[in-house]
**Q** 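Here it is: the structure, laid out below.
Chain identifiers are assigned alphabetically (A, B, ...) following the order of the sequence lines, protein sequences preceding nucleic acid strands; residue numbering begins at 1 within each chain. Hydrogens, waters and symmetry mates play no part in the numbers below; they use all other heavy atoms, side chains included.
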There are 2 protein chains.
Amino acid sequence: MTSDGRPERGDGPGRVSRPGRRSGHTEPYTLASLVEVAARAFNERGYDATSMEDLSRAAGITKSSFYHHVSGKEALLRAALDRALDGLFGVLAEPGAVSGEPVDRLRHIVRRQVEVLVTELPYVTLLLRLRGNTETERWALARRREFDQTIAGLVAAVRDDVDPVVAARLLSGTVNSLIEWYRPGRMPTADLVEAVDRQVFEGLLR
Amino acid sequence: MTSDGRPERGDGPGRVSRPGRRSGHTEPYTLASLVEVAARAFNERGYDATSMEDLSRAAGITKSSFYHHVSGKEALLRAALDRALDGLFGVLAEPGAVSGEPVDRLRHIVRRQVEVLVTELPYVTLLLRLRGNTETERWALARRREFDQTIAGLVAAVRDDVDPVVAARLLSGTVNSLIEWYRPGRMPTADLVEAVDRQVFEGLLR
DNA sequence: CGTCGCCGAACGATCGTTCGGTCGGACTGG
DNA sequence: CCAGTCCGACCGAACGATCGTTCGGCGACG
């Protein structure tokens, strides 16, 4: 943005060309692109601490223009959560997750879940930090619980000598915790998958 | 609180006895007790989504009275974070954490960390959800990073065939994730300690 | 009689959202 | 080809609501 904090357009400095349609056809403000901007900002400062002014500035337009493209703040959150949940439930629908030995299905899900966390990092991060304040958040939390219960069922089939609910929660906790520190590009996804797999199934003591 | 949403005092309905000093000497509004109320509320709705009105209502007094005991919202957060960090660093100072074989020291810290998470649950939860928006939050995050690095050093001494930084982060993720689901009283702390210990060090496949 | 705990009312700031209007390209009929 | 019309992208300004915080006063107790 400009030094005085005002949004900046893609064309030259000092706003040489007038507003209105951008010259040529540079990237339009699609809903998906604005959701991406919003998800990134929500993760940096938190949903409540991020104002619509912040979002519109990050998108490069004014607040009122921003409302021309999106219906409101909560709609942005909902779209981001939708994307995260679609990715996670997509894993559960894969062949490797629905057939085979329980231990193999669990391993497949864990490894693929790591990959989804990486590719959909901003959206899943949002999902995992929900507090359930609004109806939208509670709906997403309910779907997330559904996902977790599927995993808990598989854990129960793999081990019956430990509390499957606790074990499943610790498992999910391990996998999901990578949103706190993993940043794309710093480490090959395959290495991350391997590290999580080994730590989860073999533990720290080889 | 009362049905019309107004704060409710300890004495009978309809506010029979007058405000001012409570009769006898029922619990005073100490800073610690208000911090406890605040931490609980912050965790339920999130720090930004929790208003001072919410906090004062939960404490049973009006917003302006609340300010008679507390200097501001951020001071409450700081006090809560202080308590959490004191608990965690206290573990690092224990004899079992400073001497002995690295693997034993690590095991001691993990088990004691679980116990601290349980006893100081609301405060540690707050600590683990920080975004770093204010100076107070960044200070707490820096101290927390200090704690994590100590653990990373021990992990590196225990295993040199895996990336110690990644392994340490997954370890912390597993331990810390219990704030998301553990609620006191539902399960003996000793059982929880045992479950975390086994999952962390032995993994899911015995 | 002073002080302490408490209160209602109000402060300025900022929030999410709405509104009226301007500008410029796309489309249309002649 | 051109005048006329339309429409979508954009903007500044303002809305009511709510935020954290402050202030002046009141009533009871030591």
**Q** Look at the side chain of B:Ser64 against the base of C:dG8 and say whether a donor-acceptor pair falls under 3.5 Å; ignore hydrogens and angles.
**A** yes
**Q** I'd like a list of close polar pairs between nucleotides 14-18 of chain D and the protein, N/O only, cut-off under 3.5 Å.
**A**
none

**Q** Partners of B:Val165 by side chain to side chain contact (heavy atoms under 4.5 Å, CB included), sequence neighbours excluded?
**A** B:Asp163, B:Arg169
**Q** Under the ring-ring contact (aromatic ring centres under 6.0 Å, His included) test, which residues partner A:His68, sequence neighbours left out?
**A** none
**Q** Is there any ring-ring contact (aromatic ring centres under 6.0 Å, His included) pair reaching into residues 43-65 of chain B, and which pairs are they, with sequence neighbours excluded?
**A** B:Phe42-B:Tyr47
**Q** What residues, two or more places apart in sequence or in another chain, satisfy salt bridge (Lys or Arg N to Asp or Glu O under 4.0 Å) together with A:Arg40?
**A** A:Glu36
**Q** Touch check for A:Ser71, heavy atoms < 4.0 angstrom, all strands: base, sugar-phosphate only, or nothing?
**A** nothing
**Q** Which residues satisfy the salt bridge (Lys or Arg N to Asp or Glu O under 4.0 Å) test with B:Arg138, sequence neighbours excluded?
**A** B:Glu135
**Q** Taking only residues two or more places apart in sequence, or in another chain, which ones meet A:Arg105 in a side-chain hydrogen bond (donor to acceptor under 3.5 Å, both in side chains)?
**A** none
**Q** Does B:Gln113 have any side-chain hydrogen bond (donor to acceptor under 3.5 Å, both in side chains) partners at least two apart in sequence or in another chain, and if so, which?
**A** B:Asn176
**Q** For DNA chain D, which residues in residues 72-82 of chain B have a heavy atom at a distance below 4.0 Å?
**A** B:Gly72, B:Lys73
**Q** Output the residues of residues 35-46 of chain A in contact with DNA chain C, where contact means a heavy atom of the residue under 4.0 Å from an atom of the strand; sort by number or write none.
**A** none
**Q** With sequence neighbours left out, which residue pairs that include part of residues 62-88 of chain A fulfil the salt bridge (Lys or Arg N to Asp or Glu O under 4.0 Å) condition?
**A** A:Arg83-A:Glu120
**Q** Rounding to 10 degrees, work out the angle separating the end axes of the helix from C:dC1-D:dG30 to C:dG30-D:dC1 (five pairs an end).
**A** 0°
**Q** OP1, OP2 of D:dC11 versus side-chain N and O of A:Thr62: anything below 4.0 Å?
**A** yes
